[in-house]
Amino acid sequence: MLKEFREFAMKGNVVDLAVGVIIGAAFGAIVSSMVADIIMPIIGAVSGGLDFSNYFTALSKSVTATNLADAKKQGAVLAWGNFLTLTLNFMIVAFVLFIVVRLMNQLKREAPAAPAEPPKPTKDQDLLTEIRDLLKSRA
């Protein structure tokens with residue numbers, strides 16, 4: 001069973017998938033940082049410092065706090081602003097990934113494959129061709 005697992009784990013597709021997941025996680029962290037540290041502050045500056053992440057609707061009369069963290073401690077809240085922020089982050093990340101994949105596809109298309117030269121015939125093939133030609137000339 002251990003041998004089968006090792007064979008399975010060392011198959012090319014599994015290793016490629018593992019590498020892809022690791023690189024994807026690292027890329028996801030970079031894009032998330034770009035969204036949180038670059039894009040969202042710009043959106044906040046353009047919209048006058050608007051930050052949706054602290055918007056909520058209290059579901060309990062005991063919630064009197066004005067920020068989300070304190071409100072969650074006091075009771076049930078519907079954190080729709082946080083959901084809106086995460087949805088916006090997702091849309092931005094998805095768009096950036098779309099652009100990256102599109103650029104990669106364009107790079108693949110731009111590199112035309114050189115026309116492959118047919119392989120030279122082997123000595124055996126040359127000899128057989130000569131024999132064939134001799135037989136044709138005698139007939």
Side-chain angles (χ1 to χ4, degrees):
M1 186 166 145
L2 186 59
K3 181 181 175 186
E4 283 183 58
F5 176 73
R6 184 180 50 171
E7 289 173 6
F8 167 75
M10 291 300 133
K11 283 186 180 176
N13 293 343
V14 174
V15 174
D16 291 345
L17 178 63
V19 169
V21 167
I22 292 168
I23 290 174
F27 183 75
I30 290 170
V31 173
S32 294
S33 174
M34 182 182 77
V35 169
D37 301 332
I38 296 173
I39 295 173
M40 290 308 285
I42 293 171
I43 291 174
V46 169
S47 65
L50 192 61
D51 180 18
F52 296 114
S53 63
N54 233 4
Y55 288 10
F56 65 92
T57 301
L59 299 177
S60 169
K61 295 194 184 295
S62 63
V63 177
T64 58
T66 57
N67 67 21
L68 181 61
D70 292 337
K72 282 184 175 181
K73 292 176 186 175
Q74 293 177 347
V77 294
L78 186 64
W80 60 270
N82 193 35
F83 176 76
L84 185 63
T85 300
L86 290 175
T87 302
L88 183 60
N89 287 354
F90 170 78
M91 297 300 282
I92 294 169
V93 169
F95 180 73
V96 169
L97 287 175
F98 168 74
I99 296 297
V100 167
V101 169
R102 187 171 180 215
L103 288 174
M104 288 177 60
N105 286 338
Q106 285 179 351
L107 288 175
K108 285 182 183 178
R109 271 187 252 136
E110 288 177 6
E117 294 181 24
K120 293 192 174 199
T122 63
K123 289 182 181 181
D124 291 341
Q125 290 172 337
D126 283 337
L127 183 60
L128 288 170
T129 303
E130 284 180 42
I131 293 170
R132 182 197 65 198
D133 291 345
L134 285 171
L135 289 172
K136 278 184 179 179
S137 66
R138 289 189 181 189

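In this chain, numbering begins with 1 at the start of the sequence shown.
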* Would you confirm whether Ser33, through its side chain, and Ala29, through its main-chain N or O, come within 3.5 Å as a donor-acceptor pair? => no

* To do: May I ask you to decide if Leu127's main-chain N or O and Glu130's side chain share a donor-acceptor pair within less than 3.5 Å?
  => no

* Asked: Looking only at heavy atoms, which two atoms of Ile38 and Ile42 are closest? And how far apart?
  -> O-CG1, 3.2 Å

* Transitively linked via ILVMFWY side-chain contacts under 4.5 Å: Val19 with Val101? -> no

* Asked: If you draw a 6.0 Å radius around CZ in Phe90, do more than 12 non-hydrogen atoms from other residues or ligands fall strictly inside?
  -> no

* **Validation row: Trp80, Thr57 side chains within 4.5 angstrom (heavy atoms)** => yes

* Who else is in the cluster with Phe95 when I, L, V, M, F, W and Y are joined by side-chain contacts under 4.5 Å? -> Phe98, Ile99, Leu103

* Asked: Where do Lys123 and Asp126 land on the side chain to side chain contact (heavy atoms under 4.5 Å, CB included) test, with the steps shown first?
  -> CA-CA 5 Å; Lys123 289 182 181 181; Asp126 283 337; 5.5 Å; no

* Atom pair CG/CG of Leu128 and Asp133 - distance to nearest 0.5 Å -> 11.0 Å

* Residues, nucleotides or ligands: over 12 heavy atoms within 6.0 Å of Met91 CE -> no

* Ala79 to Phe56 - nearest heavy-atom pair and separation -> CA-CB, 4.1 Å

* Does Leu86 belong to the same Ile/Leu/Val/Met/Phe/Trp/Tyr cluster as Tyr55, with side-chain heavy atoms less than 4.5 Å apart forming each link? -> no

* To do: Give the C-alpha distance, both sets of side-chain angles, the deciding distance and a yes or no for side chain to side chain contact (heavy atoms under 4.5 Å, CB included) between Phe27 and Val100.
  => CA-CA 11 Å; Phe27 183 75; Val100 167; 3.8 Å; yes

Which pairs would a plain distance check flag for residues 61-70, meaning a side-chain donor or acceptor within less than 3.5 Å of a matching protein atom at least two apart in sequence or in another chain?
residue, atom, partner, partner atom, Å
Ser62, OG, Ser60, OG, 2.9
Ser62, OG, Gln74, O, 3.3
Asn67, OD1, Asp70, N, 3.0
Asn67, ND2, Asp70, OD2, 3.4

* Within a radius of less than 6.0 Å around CZ of Arg132, do more than 12 heavy atoms belonging to other residues, nucleotides or ligands occur? -> yes

